[in-house]
Asks: 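Below: one structure in structure tokens.
Values below: all heavy atoms of this structure, side chains included; hydrogens, waters and symmetry mates excluded. The sequence lines fix the lettering, A, B, ..., with proteins before strands; numbering per chain opens at 1. The structure displayed is predicted, hence computed values, not measured ones.
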Amino acid sequence: DAKTTQPNSMESNEEEPVHLPCNHSTISGTDYIHWYRQLPSQGPEYVIHGLTSNVNNRMASLAIAEDRKSSTLILHRATLRDAAVYYCILRATMDSNYQLIWGAGTKLIIKP
Amino acid sequence: GAGVSQSPSNKVTEKGKDVELRCDPISGHTALYWYRQSLGQGLEFLIYFQGNSAPDKSGLPSDRFSAERTGGSVSTLTIQRTQQEDSAVYLCASSPILWGEQFFGPGTRLTVL
């Protein structure tokens, strides 16, 4: 079954780039990679998603390995407001239906 | 405009009672999703709707759980004969297209005593 693996937590200094890794070695060719984040006491919010090519938006960049077995969410310049749990998710096909497979998340701690 | 709303925000019930959780998606969003999040844990995907149809119900934890969506809008998640392990925050999200960017509601915190 498709699954994602993320470090439990990471620390970074404010105004420095952050690279959040995710392993998804069982990914199949049609599985999309999504990232969401959850700030304390709030519902998750969308960050970015991609299939094969690297993706950029106003929030972050997503770097996808050539074999697609791993990806990295890049926050270019972390601020204190970026402190959250970051979830790496696969939109996987199972029995002709789709399911969203959420990882356990990485708690990102930003140090001022 | 208005975001996704959920009601009630908190629900305390006794073991064995039935509960109904409501989700009002963003107007015009065709897809709707239900998740469960236990304390300190990640999200568990339960079910999704495309319009009023739920093609795959295998993510529901047991046959005590059911969900429906009417008019392509409001959805209810019903838990019958609640158990203590059902205690969690139940989150609803909607997206303009299926598997597009999801917008989450604030959740319903369910406590089963």
Asks: Same cluster for Ile33(A) and Met59(A) if Ile/Leu/Val/Met/Phe/Trp/Tyr side chains link at under 4.5 Å?
Replies: yes
Asks: Do you reckon Phe49(B) sits in the same ILVMFWY cluster as Leu77(B), going by side-chain contacts under 4.5 Å, direct or chained?
Replies: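 As far as the 4.5 Å side-chain criterion goes, Leu77(B) and Phe49(B) are connected within one cluster.
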Asks: By a 4.5 Å heavy-atom criterion (distance strictly below it), what part of Leu43(B) contacts chain A: side chain, backbone, both, or neither?
Replies: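 For Leu43(B), backbone and side chain are both near chain A.
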Asks: Please state whether the side chain, the backbone, both or neither of Tyr32(A) comes within less than 4.5 Å of a heavy atom of chain B.
Replies: neither
Asks: Is Asp18(B) paired with Arg64(B) through a side-chain N to carboxylate O contact shorter than 4.0 Å?
Replies: no
Asks: For His34(A), is it the side chain, the backbone, both or neither that has a heavy atom under 4.5 Å from a heavy atom of chain B?
Replies: side chain
Asks: Against chain A, label Gln41(B) side chain, backbone, both or neither, depending on which of its atoms sit under 4.5 Å from a heavy atom there.
Replies: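 Interface part for Gln41(B): backbone (N, CA, C, O).
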Asks: How about Trp34(B) and Phe45(B): are their ring centres within less than 6.0 Å of each other?
Replies: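 Not close enough - the centres of the two rings lie 6.0 Å or further apart.
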Asks: So which part of Tyr48(B) gets closer than 4.5 Å to some heavy atom of chain A, the side chain, the backbone, both or neither?
Replies: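 Answer is side chain: those atoms of Tyr48(B) sit under 4.5 Å from chain A.
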Asks: Given that the side chain runs from C-beta out, which part of Gln37(B) has a heavy atom under 4.5 Å from chain A: side chain, backbone, both or neither?
Replies: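 Side chain of Gln37(B) only, per the 4.5 Å heavy-atom cut-off to chain A.
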Asks: Please classify the contact between Pro106(B) and chain A as side chain, backbone, both or neither, with a heavy-atom cut-off of under 4.5 Å.
Replies: neither
Asks: Any ion pair linking Glu16(A) and Arg77(A) (charged N to carboxylate O, less than 4.0 Å)?
Replies: no
Asks: Between Tyr87(A) and Tyr36(A), does a ring pair (Phe, Tyr, Trp, His ring centres under 6.0 Å) hold up when you go through it step by step?
Replies: CA-CA 5 Å; Tyr87(A) 293 99; Tyr36(A) 280 72; 8.8 Å; no
